[in-house]
Every structure is written in structure tokens, then in C-alpha cells.
Amino acid sequence: MSSQEYTTAQEHAAQIDSIRTQYEELAELAGSLAHEIKNPLSVIHMNIDLLSEDLAEIDSPISRRSVDRVDIVRQQCERMEGLLRDFLRYARLRDIDLVPGSLNEQIETVLRAYQAQADAADIDIEKYLDPDLPAIMLHSDSLQAALMNLVKNALEAMEEGGQIWARTYPTRTGVALDLIDTGSGVDDNTVLHMFEPFYSTKEGGSGLGLPTARKIIEAHGGRISVQSEIGRGTKFVLEFPTPKRLG
């Protein structure tokens, strides 16, 4: 490499470091702002509830109209609180401490949590988990949060029964998990944008569930991909590396 090429490479690296630093500062600022908004919003929500109780004691056409308007304000407060909660979870996700663990155990725990909901919706959950699956480095709470988001989305995609398949298996570089549902599926444009923050096709959705799930999986050194077809369902593939010392 010539001296000029070396200098150019150094300048490029410095630019990348500068952009990364600016991004981290902006993310921290955004997280702090969201936290500051959350506090007064909680106060507004509490006082709206108290106002609703006061109005309920007054029986008049005006009070009934007021109760309806108060309910609208409460609903929007709850929506904003949910959005801020999802945003703070997304913004605060940094480096996480990973320990050896079982991917099978993580998905088993999540599927058990949703079994009652699946039974009520006439949805069958089928598990094909490799009993000899190698351990991976994981953070249990955050990984389960990512898996819960995916399973919840799968359940919501099936209105009149269906199936969910969970399959784990070894790969050349680690392990993988397939999550497949027979739901409504999504179009190619949605697949293209579904991991972008604030992109959502759900009414009232924050658009941060899947981006947060991807961020968690990437923090585990893994990756997530998706295939979907309208009317047939969706398949998520999660891949995680397996350090040789844990194989």
C-alpha cells in the first residue's frame, strides 16, 4: 500500500469513527429525551384516570360526552407510553453480557408462555428441537424478548387457527432456529422494510418490535432473515455462531 493509499484509509477510518460517535451521542440524547417525556406523560395519564372517575359521578349529557373525550385522551396516552417503552428498549440496547446456554431452552420457555393463547385460538405449536444442539453464547432475558416478539407476531397473523413450527438444527458455523407460521403472510415491500424502526403495518403498532429483535440477535453475533408469501405464511430464520470451545 502506498503512503497516499494509507493516508486515505486512515482518513476513511477516522470518518467512520466520527460518524459512529455522532450516532451514539444522538442515540443517547434520544433515549434521554424519551425518558423525560415519559415522566410527565405518566402524570397526565394518572390525572386523566382521576378526571374520568370524577365525571362518572355526574349524570348529564355534558359529562357523558366529556367521559368519551377523556377515554380518547387515555387511549392516546397509553399508546404513547407503549411507544416510549419500546423506543427506550430499542435505544438502550448496547453490548450485553453473554454466557453459555441452550437455544432449545430459550424457545421452549417462550412457546410455553404462549401455549394458552395458542390453544384458545386453535393454533397448533409443533416443535422439532435437536436434542444434541450445541450451546451458544446468549443473554437469556433479551433473547427471550426477541423470540417472544416473533412468536407473538406469528399468533397475531392467524385469525382462524393455524400452525407454528419451531425447528432447531446445527449449521456449518453454529446453530439455527426456524420459526414458521401459516398466517396471512406479508408482501415483498413489507419484507423489505419490516426491520426498519417505526415501520409497521399494524394499527397502533410502534414499528420497533422487529427492529429490536434484530438488534438483540445481532448483539448475540447472529443474524435474522425472513421469507413470506401472502396467504401462505411467514418463515423467520435465526442463526447464531457457536464458539469452538462450546461445541
Side-chain angles (χ1 to χ4, degrees), residues 13 16-17 19-28 30-31 34 85-115 118 125-155 164-181 191 194-197 199 206-228 234-247:
I16 293 175
D17 288 341
I19 293 172
R20 182 182 295 113
T21 299
Q22 292 175 11
Y23 171 80
E24 290 175 352
E25 290 175 351
L26 182 60
E28 183 176 354
R85 184 171 57 250
D86 290 345
F87 178 78
L88 286 169
R89 187 183 298 118
Y90 178 81
R92 288 174 176 171
L93 184 61
R94 297 288 189 270
D95 294 333
I96 53 180
D97 294 327
L98 305 178
V99 297
S102 167
L103 179 59
N104 284 348
E105 291 180 2
Q106 302 302 308
I107 188 60
E108 283 267 26
T109 298
V110 170
L111 292 177
R112 279 198 302 269
Y114 282 104
Q115 186 65 60
I125 296 178
E126 301 288 342
K127 295 175 289 187
Y128 304 94
L129 308 182
D130 187 336
D132 299 319
L133 198 71
I136 63 172
M137 299 296 292
L138 59 84
H139 181 268
S140 181
D141 289 346
S142 63
L143 183 54
Q144 285 186 25
L147 295 174
M148 290 179 78
N149 183 274
L150 297 176
V151 173
K152 179 174 178 288
N153 283 351
L155 290 170
I164 294 177
W165 290 279
R167 182 171 73 103
T168 59
Y169 52 94
T171 65
R172 185 174 59 85
T173 58
V175 302
L177 165 66
D178 292 347
L179 278 174
I180 306 169
D181 68 65
V191 169
M194 64 168 48
F195 292 114
E196 295 177 2
Y199 180 86
S206 69
L208 288 170
L210 286 176
T212 302
R214 183 181 69 174
K215 202 171 183 182
I216 290 170
I217 292 163
E218 290 177 347
H220 283 73
R223 62 180 181 176
I224 181 171
S225 58
V226 60
Q227 300 173 9
S228 190
T234 301
K235 174 182 178 181
F236 284 96
V237 180
L238 287 62
E239 300 175 80
F240 300 91
T242 301
K244 291 182 179 179
R245 64 179 181 277
L246 294 178

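Given the structure is predicted, the values throughout are model-derived calculations rather than measurements. Heavy atoms only: backbone and side chains are in, while hydrogens, waters and symmetry mates are out.
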Drop me the distance from [X]'s [atom1] to [Y]'s [atom2], to the nearest 0.5 angstrom.
X    : Y    : atom1 : atom2 : result
I125 : I107 : CD1   : CD1   : 9.0 Å
L103 : L147 : CG    : CG    : 7.0 Å
L138 : Q106 : CG    : CD    : 5.0 Å
M148 : Y114 : CE    : OH    : 4.0 Å
L143 : F240 : CG    : CZ    : 5.0 Å
N104 : T109 : CG    : OG1   : 10.5 Å

- Item | Which residues share a side chain to side chain contact (heavy atoms under 4.5 Å, CB included) with A154, sequence neighbours left out |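 Partners of A154 by the side chain to side chain contact (heavy atoms under 4.5 Å, CB included) criterion, ordered by chain and then number, come out as I164, D181.
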- Item | Within residues 126-136 or reaching into it, pairs that qualify as side-chain hydrogen bond (donor to acceptor under 3.5 Å, both in side chains) - sequence neighbours excluded |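 Listed once each, the pairs are E108-K127.
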So which atom in [X] and which in [Y] form the shortest heavy-atom distance, rounded to 0.1 Å?
X    : Y    : answer
P170 : L133 : N-CD1, 3.8 Å
A135 : T242 : O-CG2, 3.2 Å
G221 : P241 : O-CD, 3.2 Å
V110 : Q144 : CG2-O, 3.8 Å
L111 : A166 : CD1-CB, 3.9 Å

- Message: R214 and side-chain contact (heavy atoms from CB on, under 4.5 Å): which single residue from L238, N149, I224, V226 fits?
- Response: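 Filter result, single survivor: I224.
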- Message: So, using side-chain hydrogen bond (donor to acceptor under 3.5 Å, both in side chains) as the criterion, who are the partners of E239 when residues are at least two apart?
- Response: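 For E239, the residues satisfying side-chain hydrogen bond (donor to acceptor under 3.5 Å, both in side chains) (neighbours in sequence not counted) are R223.
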- Should H220 and S142 count as side-chain neighbours, where that means a heavy-atom distance under 4.5 Å?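 H220 vs S142: side chains touch.
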- Validation row: S228, K235 side chains within 4.5 angstrom (heavy atoms):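 Contact flag for S228/K235 side chains = no.
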